[in-house]
Amino acid sequence: MSEILVLVDHVDGEVKKVTLELLTLANRLGDAAAVWVGAGYEGSKDKLAEYGAKKVYLAADEELTSYVVAPKAALLAQLAQDKGAAAVLVAATGEGKEIAGRLAVKLGTGVLTDVVDVAEGFVAEHSIFGGAIVAHARVKEGTPVIAVRPNSIAPEAAPATPAEEQVSVALSDTDKAAKIVERVVEEKGERPDLTEAAIVVSGGRGVGSAENFKIIEGLADSLGAAVGASRAATDAGWYPHQFQVGQTGKTVSPQLYIAAGISGAIQHRAGMQTSKTIVAINKDAEAPIFELVDFGVVGDLFQIVPQLTEEINKRK
């Protein structure tokens with residue numbers, strides 16, 4: 001089968017969940033070949049093998065991570081041409097989309113972004129207008145470059161023993177035009193990352209204030225969950241925008257999603273509707289969120305959420 005190149009998304013050697021999704025998708029379409037750029041591979045090689053990487057291309061040259069995105073696009077272009085790759089998959093993050101665009105130009109082919117699934121023949125599926133419309137598209141000529149939206153594919157373990165190959169690329173002056181001069185590590189709390197958490201507890205307009213978000217945080221902490229918020233809550237300044245779940249925020253797909261005080265506008269639903277189990281707490285029995293949930297509780301979140309938190313803590 002033809003190789004499908006997968007650009008590994010990692011931070012200091014820690015592989016992001018979206019990479020496991022890309023490997024799963026790549027193995028449905030061909031043979032997944034992971035492309036690792038930078039240091040830290042030894043600590044994550046077992047994870048790539050567990051999720052089906054048949055081959056790993058290692059580009060450990062420090063120069064490749066000293067400049068902004070262009071070197072990765074150059075490396076992928078060289079590999080795609082030299083190895084005859086059938087397609088290239090990247091994460092549809094800010095960086096991933098820019099790499100995809102640059103790569104498509106270098107290969108003289110097309111790029112598909114914010115893809116939620118890919119079928120045989122590299123026909124990509126897009127969920128648009130908040131999930132109201134599903135569109136399909138494919139690249140007519142050349143090697144398709146596909147940026148897949150995180151949390152769109154369920155990662156599936158498929159243990160393999162990948163062959164490893166050291167690779168390098170000669171960078172042009174253009175590739176070196178934007179140099180990284182400083183890296184600042186964002187401070188993280190004890191809660192899991194929102195986009196990778198197995199459980200997410202989100203609050204919305206019904207929470208009423210920034211102070212009241214402590215109730216949402218208490219439930220999340222009892223479950224070992226991440227905290228999310230609706231656009232209404234973040235626009236009101238009750239919770240930081242980086243925790244917004246929705247079409248204009250982050251897309252999540254946890255095993256359990258609890259929505260407290262969220263009406264369920266289509267903008268919010270677009271960011272969480274692929275969650276495996278959805279629970280809603282809302283005093284409005286007619287709230288649109290109840291059309292989507294697996295379990296719904298009609299009632300005052302200020303009574304229900306503290307009771308739920310207390311019961312969970314009793315069982316620890």
Side-chain angles (χ1 to χ4, degrees), residues 1-62 64-65 69 71-72 75-76 79 83 85-96 99-100 115-118 146-167 183 185-186 188-200 224-226 250-256 274-276:
M1 298 178 74
S2 299
E3 280 189 353
I4 311 294
L5 297 180
V6 171
L7 179 61
V8 177
D9 190 350
H10 70 95
V11 177
D12 297 330
E14 183 178 347
V15 175
K16 294 284 192 72
K17 177 187 171 188
V18 65
T19 297
L20 310 183
E21 299 175 36
L22 296 179
L23 290 172
T24 297
L25 181 58
N27 276 322
R28 294 178 189 172
L29 303 168
D31 288 332
V35 180
W36 184 284
V37 181
Y41 170 67
E42 288 301 320
S44 295
K45 60 187 301 183
D46 291 343
K47 180 67 71 173
L48 297 181
E50 180 184 354
Y51 282 86
K54 304 294 192 304
K55 192 165 189 177
V56 179
Y57 294 108
L58 299 170
D61 189 341
E62 185 178 341
L64 294 175
T65 56
V69 302
K72 292 181 180 179
L75 174 66
L76 288 171
L79 285 174
K83 308 301 180 181
V88 181
L89 304 183
V90 301
T93 58
E95 179 179 293
I99 292 172
V115 171
V116 297
D117 200 3
V118 183
I146 304 173
V148 181
R149 185 185 298 175
N151 293 310
S152 297
I153 309 295
E156 298 175 5
T161 305
E164 298 174 1
E165 181 178 337
Q166 299 287 338
V167 294
R183 298 180 190 272
V185 178
E186 182 181 2
K188 292 185 177 181
E190 296 181 358
R191 299 188 187 107
D193 181 84
L194 179 59
T195 58
E196 300 195 3
I199 305 174
V200 174
K250 293 183 177 178
T251 300
V252 300
S253 186
Q255 294 297 315
L256 173 62
T274 57
S275 302
K276 306 304 179 291

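When side chains are defined from C-beta on, V8 does not count as touching Y41, because their heavy atoms never get closer than 4.5 Å. L79 has its side chain out of reach of E165: every pair of non-hydrogen atoms, C-beta onward, lies at least 4.5 Å apart. With a 4.5 Å cut-off on side-chain heavy atoms, K54 and N27 count as touching. Counting heavy atoms from C-beta outward, I153 and D117 have side chains that approach closer than 4.5 Å. Using a 4.5 Å cut-off on side-chain heavy atoms (C-beta onward), V148 and V18 make no contact. Residues Y51 and T19 form no side-chain contact, since every pair of their non-hydrogen atoms from C-beta on lies 4.5 Å or further apart.
Residue pairs meeting the side chain to side chain donor-acceptor pair (under 3.5 Å) criterion with at least one partner in residues 2-11, sequence neighbours excluded, are E3-Y57.
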Checking K47 against L20 for the side chain to side chain contact (heavy atoms under 4.5 Å, CB included) test, could you report, in this order, the C-alpha distance in whole Å, the side-chain angles of both residues, the deciding distance, and whether it holds? CA-CA 8 Å; K47 180 67 71 173; L20 310 183; 3.8 Å; yes

Would you sort out whether D12 and R183 count as a side chain to side chain contact (heavy atoms under 4.5 Å, CB included), showing the intermediate values? CA-CA 12 Å; D12 297 330; R183 298 180 190 272; over 6 Å; no

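Legend: residues meeting side chain to side chain donor-acceptor pair (under 3.5 Å) with T195, ordered by chain and number and at least two apart, are D193.
Between the side chains of T65 and K72, no donor N or O sits under 3.5 Å from an acceptor N or O.
Tested against W36 for a side-chain contact (heavy atoms from CB on, under 4.5 Å), the candidates V15, L7, V6 yield a single pass: V15.
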